[in-house]
Enquirer: 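I'd like to ask you about the structure that follows.
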Amino acid sequence: MMAERGEAVDHLQRLATQLEAHAFQVCLRSPAGLFPRLHVINPMAPARTEDVLAAYEDDGEWWFWLSWAGRIGHAEDVATAAERVASVLHVIRR
C-alpha cells in the first residue's frame, strides 16, 4: 500500500507541474487513510476547484481521476490530463 501511495504522489506531482504551467494553483494533499489528491484552483475564479486522484486499474495501468469518479487520462499523458482538468475548471467570460 505504501508503494502504491508513493507512486500516486509521483504521478500527481508531475500533473501539478503541468497545471502550474497553465497558471492553476495546486496543493498536493496526502491525508492519512485517504488517497493522495491534488487540489486544483482556477486563480481567475477561486470558487472553481477540483480534486484529482491517481489510481491504478486492475491491469496495473495508472490513470488520473476527477473526484466525482470521472477518468480524465492516462498517468503517462500528463499534458492531456492537464488540458482536461483545465477544461473542467475553465470559466467562460461573457
Side-chain angles (χ1 to χ4, degrees):
M1 181 79 167
M2 290 303 289
E4 294 165 7
R5 188 176 187 81
E7 191 166 354
V9 167
D10 290 345
H11 290 302
L12 292 170
Q13 286 174 329
R14 290 186 307 106
L15 181 59
T17 299
Q18 189 75 27
L19 287 165
E20 287 173 332
H22 284 274
F24 286 93
Q25 296 172 346
V26 298
C27 176
L28 181 60
R29 297 177 176 168
S30 189
L34 297 175
F35 288 107
R37 62 202 62 231
L38 187 64
H39 187 68
V40 186
I41 303 166
N42 180 338
M44 300 300 286
R48 302 282 298 181
T49 68
E50 183 59 64
D51 284 343
V52 179
L53 292 85
Y56 67 95
E57 293 287 302
D58 291 336
D59 64 2
E61 294 291 318
W62 282 84
W63 294 86
F64 291 115
W65 298 81
L66 296 173
S67 62
W68 39 273
R71 189 165 79 174
I72 56 173
H74 196 276
E76 295 302 318
D77 188 0
V78 293
T80 298
E83 288 173 12
R84 290 182 179 153
V85 171
S87 71
V88 168
L89 296 178
H90 181 70
V91 175
I92 299 172
R93 293 184 181 95
R94 297 182 187 250

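The first residue in the sequence is number 1, and the count goes up from there. Here the structure is a predicted model, which is why all the values come from computation and not from measurement.
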Enquirer: Check whether any side-chain heavy atom of R14 lies under 4.5 Å from a side-chain heavy atom of E76, and answer yes or no.
Expert: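 Contact flag for R14/E76 side chains = yes.
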Enquirer: As an exercise, state the distance from CG of L19 to CD of E83, rounded to the nearest 0.5 Å.
Expert: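 So the gap between those two atoms works out to 10.5 Å.
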Enquirer: Indicate the atoms forming the closest heavy-atom contact of H11 with A75, along with that distance.
Expert: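 Smallest heavy-atom distance, with atoms named: ND1-CB, 3.5 Å.
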Enquirer: By the definition ring-ring contact (aromatic ring centres under 6.0 Å, His included), identify the one residue from W62, F64, W63, F35 that meets it with Y56.
Expert: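 The single option meeting the ring-ring contact (aromatic ring centres under 6.0 Å, His included) with Y56 is W62.
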Enquirer: What's the spacing between R48 CZ and H90 NE2 if we round to 0.5 Å?
Expert: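 Here the interatomic distance stands at 9.5 Å.
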Enquirer: Contact between F24 and N42 at the side-chain level, heavy atoms closer than 4.5 Å - yes or no?
Expert: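 Answer yes - side chains close enough.
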Enquirer: So among V85, L28, D51, which one has a side-chain contact (heavy atoms from CB on, under 4.5 Å) with L38?
Expert: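 Of the listed options, the one satisfying the test is L28.
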Enquirer: Looking only at heavy atoms, what is the nearest atom pair of V26 and A16, with distance?
Expert: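 So the minimum-distance heavy-atom pair works out to CG2-CB, 3.8 Å.
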Enquirer: May I ask you to test the V52-L66 pair for a side-chain heavy-atom distance under 4.5 Å?
Expert: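 V52 vs L66: side chains touch.
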Enquirer: Within this structure, what is the CD1-CD distance for the pair I72 and E50, rounded to the nearest 0.5 Å?
Expert: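 Atom-to-atom, I72:CD1 and E50:CD are 8.0 Å apart.
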Enquirer: Heavy atoms only: give me the nearest G73-R84 pair and the separation to one decimal.
Expert: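 For G73 versus R84, the nearest heavy atoms are CA-NH1, 3.9 Å.
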Enquirer: Would you say the side chains of S30 and R5 form a donor-acceptor pair under 3.5 Å?
Expert: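 Per modelled atom types, S30 and R5 side chains form a pair under 3.5 Å.
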Enquirer: Any idea which heavy atoms bring P36 and L53 closest together, and the distance?
Expert: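 Between these two residues, the closest heavy atoms are O-CG, 4.0 Å.
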Enquirer: In Å, rounded to the nearest 0.5 Å, how long is the span from CD of Q25 to CE of M44?
Expert: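 Q25 CD to M44 CE: 11.0 Å, rounded to 0.5 Å.
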Enquirer: For residues L15 and A81, report the shortest heavy-atom separation together with the two atoms involved.
Expert: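 Taking every non-hydrogen atom into account, CD1-CB, 4.0 Å.
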Enquirer: Among the clusters formed by ILVMFWY side chains lying less than 4.5 Å apart, do W68 and L89 turn up in the same one?
Expert: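 Cluster IDs for W68 and L89 match.
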Enquirer: Are there over 12 heavy-atom neighbours, none belonging to D58, within less than 6.0 Å of that residue's CG?
Expert: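 Check fails, neighbour count at 12 or below.
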